[in-house]
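Everything on this sheet refers to the single structure shown next.
Just so you know, these numbers use all the heavy atoms, side chains as well, and skip hydrogens, waters and symmetry mates. Note on naming: letters A, B, ... go to the chains in the order of the sequence lines (proteins, then strands), and numbering restarts at 1 for each one.
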Amino acid sequence: MQDRPLEKTLYKHFGYEQFREGQKEIIEELLNGNDVLGILPTGTGKSMCYQLPSLLLEGTVIVVSPLISLMVDQVKQLKQQGMKRVVAINSFLTPMQKQQVYDHINHYKLIYCSPEMLQNAQFMQTLKEKVSVSLFVVDEAHCISQWGHEFRTDYLKLDDTLKQLNNPTVLALSATAPVHVQNDIMRQINRPDMQKHIFPMDRENIAFTVEHVTGMEEKIERIASVLKTHPVPTMIYFSSRQWTEKAAYELTQATSGLRVAYYHGGMEQTDRLLIQQQFMNDQLDVICCTSAFGMGVNKSNIRLVIHAHIPSQVESFLQEVGRAGRDGEQSVSLTFYSPGDGEIPKRFIESELPSAELVSDAIQYLQNIAQNGRLLPLQPEEIEESLQISEVQWRFLAYQFEKNGVIKGRKVVHQANWGEAYHSIVAFIKERTNIKQNKLTELLNWVHSKDCLRASLYQSFQSSYKTPVGFCCDRCDFSFNLWETSETPDRMELLGWEKELQKVFLQGEYQ
DNA sequence: AATATACTTAGTTCGCGGTTAAGATTTTGGGGGCGGA
């Protein structure tokens with residue numbers, strides 16, 4: 001091991017004898033100063049790709065993460081492994097805590113933050129003054145492409161952040177990113193020449209099945225009957241919060257004995273955390289959830305992922321399905337479709353971005369402000385109120401107006417080219433809506449596909465896919481009565497005393 | 001009739017509970033000296 005310094009560091013700090021597939025190549029690439037786009041399946045240790053370099057590189061590693069809970073989990077885990085010079089900066093810190101972190105910012109080797117945080121002037125100033133960034137990591141990088149254009153536009157400003165931080169080496173990581181998402185990531189962060197380390201993401205132990213039914217009532221009946229014969233750890237996706245709650249109640253009634261809960265973004269943070277932990281600890285069998293549930297759920301024995309509603313694109317579908325069978329055991333994806341099910345995602349797509357009329361209203365509103373020599377209101381809620389638009393719609397517009405030179409921070413640019421801005425924004429909205437509608441159509445086509453579900457699902461994502469280890473799909477060889485699941489395992493899984501002790505010590509620890 | 005996804009902010013408090021470091025005290029094991037067999 002003497003002439004293998006990377007392995008030595010790996011063993012010394014993380015206790016592993018050798019690297020997993022892909023890790024070493026990526027790390028060497030980064031240490032040589034090359035940008036890397038890494039697409040690695042979940043559970044193969046993506047975070048090692050930057051945690052180990054953070055120990056070897058001179059400066060600081062910045063990790064952009066989409067969820068506070070993800071950063072907090074990572075920091076907790078690293079501290080537990082003995083790496084103390086790690087911090088997550090987010091809105092959970094009080095102003096005083098934040099100041100303390102800023103005062104000693106150069107003490108940290110790893111800093112986790114959200115893309116929004118990187119738009120905070122004080123944070124950026126602190127970084128620029130006191131920190132030399134050796135590596136800039138975008139975790140869950142598909143968020144750039146999937147959320148950046150409409151939902152969280154700060155994801156599209158990372159290229160500017162990189163410039164301000166003296167163009168450090170970049171590592172973009174994701175588990176599920178088809179070629180067009182990979183290209184979008186590189187385009188948005190303005191690094192066209194990234195070294196690609198891409199591993200196939202098709203899952204050979206998941207069987208696919210689609211059932212056409214009449215409506216939600218029949219779906220829940222079917223789910224109940226499947227769960228009675230196959231009482232396995234299960235996730236059920238819905239497109240509405242209300243249905244998650246209703247279904248959880250009805251399934252509890254229908255399947256005596258199964259422990260069912262619901263989870264969606266409208267719940268209290270503490271409740272969300274509790275449900276997630278109970279599910280991960282096998283204290284719950286079934287979760288009825290919206291798309292809010294998923295990222296950061298590292299439960300290895302999820303056997304069944306049901307879509308009671310379809311999402312709005314294949315990428316989301318694959319991410320959600322991919323949470324099944326991380327342990328390699330036979331798992332199943334069950335998708336329901338009833339006539340009209342495409343309507344919900346269609347409405348989402350239509351309502352997410354403002355209409356042309358709203359863009360024109362917004363321009364009038366801005367011109368009014370400019371003429372009176374005023375600034376934009378400090379509270380965005382005030383603008384949303386005046387224009388009668390949603391928070392997401394205003395954030396999208398604000399980003400577009402800024403990009404088109406109409407506003408600068410809170411200032412409205414007087415001599416802006418309003419006509420051109422209007423046309424370019426409206427054209428962009430059309431283009432995005434189109435792209436999203438096509439993505440929805442792609443998923444709907446799959447649901448109605450007559451051919452092998454596995455083949456048609458993965459075809460557009462990668463050139464080839466592995467042959468399944470068990471069942472393939474309901475067009476080929478799968479049906480529920482062939483699928484044998486072992487008896488519900490003991491509720492209390494024995495982990496060995498080290499893991500049990502670790503669990504006890506880390507319980508309830510959140511910051 | 002409507003249906004989902006997340007982040008953000010707060011200026012310089014105060015008291016309480018818990019933790020840690022340092023010092024004091026007690027317990028315990030081992031080493032060394034001494035006397036006797």
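Looking only at side-chain heavy atoms (C-beta outward), A:Val138 and A:Ser174 stay at 4.5 Å or farther from each other.
Contacts of A:Phe396 classified as ring pair (Phe, Tyr, Trp, His ring centres under 6.0 Å), with partners at least two apart in sequence or in another chain: none. Partners of A:Arg323 under the salt bridge (charged side-chain N to carboxylate O under 4.0 Å, His left out) rule, at least two apart in sequence or in another chain, do not exist in this structure. For A:Lys128, the side-chain hydrogen bond (donor to acceptor under 3.5 Å, both in side chains) criterion is met by A:Gln164, not counting sequence neighbours. Applying the salt bridge (charged side-chain N to carboxylate O under 4.0 Å, His left out) test to A:Glu350 and every residue at least two apart in sequence or in another chain returns A:Arg347. Under the rule for a ring pair (Phe, Tyr, Trp, His ring centres under 6.0 Å), the partners of A:Trp446 that lie at least two apart in sequence or sit in another chain are A:Phe317. A search for side-chain hydrogen bond (donor to acceptor under 3.5 Å, both in side chains) contacts involving A:His180 returns A:Glu315, A:Lys439, not counting sequence neighbours. A search for side-chain hydrogen bond (donor to acceptor under 3.5 Å, both in side chains) contacts involving A:Glu442 returns A:Ser460, not counting sequence neighbours.
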Using a 4.0 Å cut-off on protein heavy atoms (strictly under), produce a 5'-to-3' string for nucleotides 1-11 of chain B with B for base contact, S for backbone-only sugar-phosphate contact, and - for none.
--BBBBSSB--

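Residue pairs satisfying the salt bridge (Lys or Arg N to Asp or Glu O under 4.0 Å) criterion with at least one member in residues 352-362 of chain A, sequence neighbours excluded, are listed as follows: A:Glu352-A:Lys436.
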In dot-bracket, 5' to 3', how would DNA chain B read with Watson-Crick or G-U wobble pairs under 3.5 Å, [ ] for crossing ones and | for pairs to another strand?
.....................................

Show the distances under 3.5 angstrom between N or O atoms of the protein and N or O atoms of nucleotides 13-16 of chain B.
none

Donor-acceptor contacts under 3.5 Å from residues 246-255 of chain A side chains, at least two apart:
residue  : atom : partner  : partner atom : Å
A:Thr252 : OG1  : A:Ala248 : O            : 2.5
A:Thr255 : OG1  : A:Leu251 : O            : 2.7

